[in-house]
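What follows is a short report on a single structure.
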2 protein chains.
Amino acid sequence: MNDATPKPEKSDGTVGRTLAVLDRVAEFGRPVRFAELLPVCDLPKATLYRFLQTLTNQGMLAFDEDRQTYRPGLRLVRLAHAAWAQSSLAPIAAPYLDQLSKETGQTLHLAQLDQGMVLYVDKRNASRPVEMFSQSGKVGPAYCTGVGKAMLAYLPEDALQNALTRQSFHRFTEHTLTDATSLRAELENIRKRGFAWDDEEHEPGIRCIAAPILSPQGRVLGALSITSGQPDGQKQLETYAPLILETAEKIAKAASDWRFPEQKRAD
Amino acid sequence: MNDATPKPEKSDGTVGRTLAVLDRVAEFGRPVRFAELLPVCDLPKATLYRFLQTLTNQGMLAFDEDRQTYRPGLRLVRLAHAAWAQSSLAPIAAPYLDQLSKETGQTLHLAQLDQGMVLYVDKRNASRPVEMFSQSGKVGPAYCTGVGKAMLAYLPEDALQNALTRQSFHRFTEHTLTDATSLRAELENIRKRGFAWDDEEHEPGIRCIAAPILSPQGRVLGALSITSGQPDGQKQLETYAPLILETAEKIAKAASDWRFPEQKRAD
DNA sequence: GATTTTAGTTTCAAATATTGGAACCATGTT
DNA sequence: AACATGGTTCCAATATTTGAAACTAAAATC
């Protein structure tokens with residue numbers, strides 16, 4: 001949970017404050033009541049009330065009359081379709097993921113960085129599925145996932161700094177790196193190696209190998225991972241190293257051929 | 001109070017106007033330049049400029065420095081995940097779609113109404129069974145799709161009226177119904193029959209059978225369709241009628257068991 | 001069933017952010 | 001060099017937002 005904005009970004013006036021409320025609602029992950037929102041929004045009652053009305057009118061939120069709860073609205077799904085198609089690597093990477101999925105039969109994830117967090121933008125399920133965490137649109141921590149570390153490792157210093165300050169370093173498992181220093185050491189290893197491991201750092205029993213997707217200019221576009229839920233995962237995954245690096249390379253190439261825009265910051 | 005606001009819509013102040021710009025950007029379906037947006041947004045140059053900056057700051061838009069274009073931002077994907085999980089029928093319906101997919105081997109669509117349009121919230125492909133965001137989030141016309149007509153048929157008169165006024169009745173194929181009168185007649189048939197046909201009304205060669213998903217109170221929650229691209233489609237699809245109705249029923253049941261909220265308006 | 005509490009809604013004058021015409025700057029074109 | 005075109009900045013006028021407080025409805029408690 002990402003509370004108490006110390007002074008991170010400018011509030012962008014009414015619009016920014018209103019959109020912040022939208023985030024608060026989405027964070028709950030379930031329909032919320034006015035009174036639950038009030039303490040986390042840091043707004044006067046009347047103001048929050050007005051914002052919620054506006055968002056509801058706009059279809060950004062849906063309001064349930066019966067239980068008096070708010071939840072994110074369908075308009076977001078419509079808008080996100082456009083975002084996914086245009087701002088994500090997913091459409092470009094799809095054929096390569098299909099290919100890799102066929103070759104490995106494993107679970108694959110394609111992710112990008114958003115606000116210092118890992119945003120999963122596509123996924124391929126293993127032929128023998130492993131029950132786990134992610135889906136498209138879902139977010140996860142950057143410091144303890146393969147894709148997250150792969151991306152952090154190649155961020156320019158200022159963006160990395162920025163991203164690190166947003167992490168809260170929760171210890172998910174006994175392998176989780178819980179401070180910036182050990183994470184930085186790990187990132188150094190990743191750069192030497194060219195790819196990242198997640199050795200049960202986020203979920204027990206779940207390991208993965210992840211490669212960054214870098215633009216020709218070396219900018220971080222995203223990352224790709226192959227996951228294993230098996231005990232001998234690491235050894236098995238190791239054999240995929242050349243394959244995943246090659247695939248990441250191909251995606252990067254395709255992205256720049258498709259003239260995928262360089263982003264100002266991938267933080 | 002709640003009296004079917006016949007008035008167009010309130011602009012919801014700055015926030016509403018800013019979000020309208022977001023829609024305009026999304027509608028382009030490709031990165032857009034400032035100058036392209038200016039004519040379609042009906043705003044003074046300086047104002048549009050400010051709105052775009054705000055949205056970009058907020059991550060609702062992404063700006064490509066190189067080509068000076070705006071496109072929907074990844075924040076939307078994050079928000080939409082929450083919307084999809086909470087405001088759509090998809091999570092509840094998923095197991096039933098899986099089952100139906102297995103039983104029929106056909107392409108399935110799950111849709112809901114948003115702003116008088118069909119919003120697809122889930123899909124099963126005939127070939128590649130589990131796919132997500134790629135189609136989810138897409139919108140289509142209500143008056144010439146199976147799912148659209150199935151939902152319109154069970155809307156209360158005021159909501160139907162509202163939805164109809166938003167249609168532009170473009171003739172997609174020679175079978176497309178192009179006016180409200182013939183559509184209303186068709187809706188009457190659908191109510192008698194209990195399900196809807198799309199007989200190449202939207203795309204040539206594409207037929208489908210669709211059933212509405214109705215809450216116990218008879219409110220329209222969504223619709224479900226089975227599609228065929230084969231010449232003898234209709235006959236084949238007809239055999240699925242009992243199955244699709246049964247599945248729609250099960251989804252409706254599951255939705256109300258899960259205490260899926262009644263919506264104020266399903267328009 | 002009366003009373004208090006909690007949750008949600010409305011009001012309105014004051015405070016402030018928004019507005020947008022116009023000037024400006026940067027690039028590319030004739 | 002003059003002229004477009006596309007994008008950015010300024011700033012005074014003004015419409016919009018703001019939020020304390022009053023209010024109402026519905027529960028919870030007495």
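Only a predicted model underlies this, so the values are computations on that prediction, with no experimental measurement involved. Here is how names work: the chains are called A, B, and so on, in the same order as the sequence lines, proteins then strands, and each is numbered from 1. Computed over heavy atoms, backbone and side chain alike; hydrogens, waters and symmetry mates excluded.
Neither OP1 nor OP2 of C/dG8 sits under 4.0 Å from any side-chain N or O of A/Tyr49. Between D/dT18 and A/Arg17, a contact under 4.0 Å exists linking OP1 or OP2 to a side-chain N or O. A close approach under 4.0 Å does occur between a side-chain nitrogen or oxygen of B/Thr47 and OP1 or OP2 of C/dG20. OP1 or OP2 of C/dA17 has not a single side-chain nitrogen or oxygen of B/Thr14 nearer than 4.0 Å.
Rounded to whole Å, the distance from CZ on A/Phe34 to P on C/dT9 is 7 Å. The CZ-C1' distance, from B/Arg50 to D/dG7, rounds to 15 Å in whole Å. Computed from coordinates, the B/Leu43 CG to C/dG21 P distance equals 11 Å when rounded to whole Å. Nucleotide C/dT19 holds its P atom 13 Å from the CG atom of B/Leu52, rounded to whole Å. A straight line from CG of A/Asp12 to P of C/dT18 spans 9 Å, rounded to a whole angstrom. The CD-C1' distance, from B/Gln53 to D/dT8, rounds to 8 Å in whole Å. For B/Arg33 and D/dT8, the CZ to P distance is 10 Å, given to the nearest whole Å. Rounding to whole angstrom units, CG of residue A/Leu38 and P of C/dA7 are separated by 10 Å.
Taking a cutoff of 4.0 Å between a charged side-chain nitrogen and a carboxylate oxygen, A/Arg17 and A/Asp12 do not qualify as a salt bridge. A salt bridge between A/Glu36 and A/Arg24 is absent, with no side-chain N of the basic residue lying under 4.0 Å from a carboxylate O of the acidic one. Note on A/Arg184 versus A/Glu157: salt bridge recorded, some NZ/NE/NH1/NH2 to OD/OE distance being below 4.0 Å.
Distance from the side chain of B/Ala46 is smallest to C/dG21 among C/dG21, D/dT8, D/dG19. Comparing atom distances between the A/Pro44 side chain and each of D/dG19, C/dG20, D/dA22 picks out D/dG19 as nearest.
With A/Ser215 contributing its side chain and A/Gln217 its backbone, the two residues share a donor-acceptor pair below 3.5 Å.
Classified by interplanar angle (parallel below 30°, tilted 30° to 60°, perpendicular above 60°), the ring pair B/Tyr143/B/Phe169 is tilted.
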Revision key, fill the gap. Each base of DNA chain D marked ( ) or [ ] if paired in-strand (Watson-Crick or G-U under 3.5 Å), | if paired to another strand and . if unpaired gives ||||||||||||||||||||||||||||||
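Rounded to the nearest 0.5 angstrom, A/Arg78 CZ and B/Lys138 NZ are separated by 15.0 Å. Within the model, atoms CG of B/Asp114 and CE of B/Met117 stand 9.5 Å from one another, a figure rounded to the nearest 0.5 Å.
Side chain A/Lys45 to base C/dG8: a donor-acceptor pair is found below 3.5 Å.
As judged by a 4.0 angstrom heavy-atom cut-off over every strand, A/Ala35 is placed among residues touching the sugar-phosphate backbone only.
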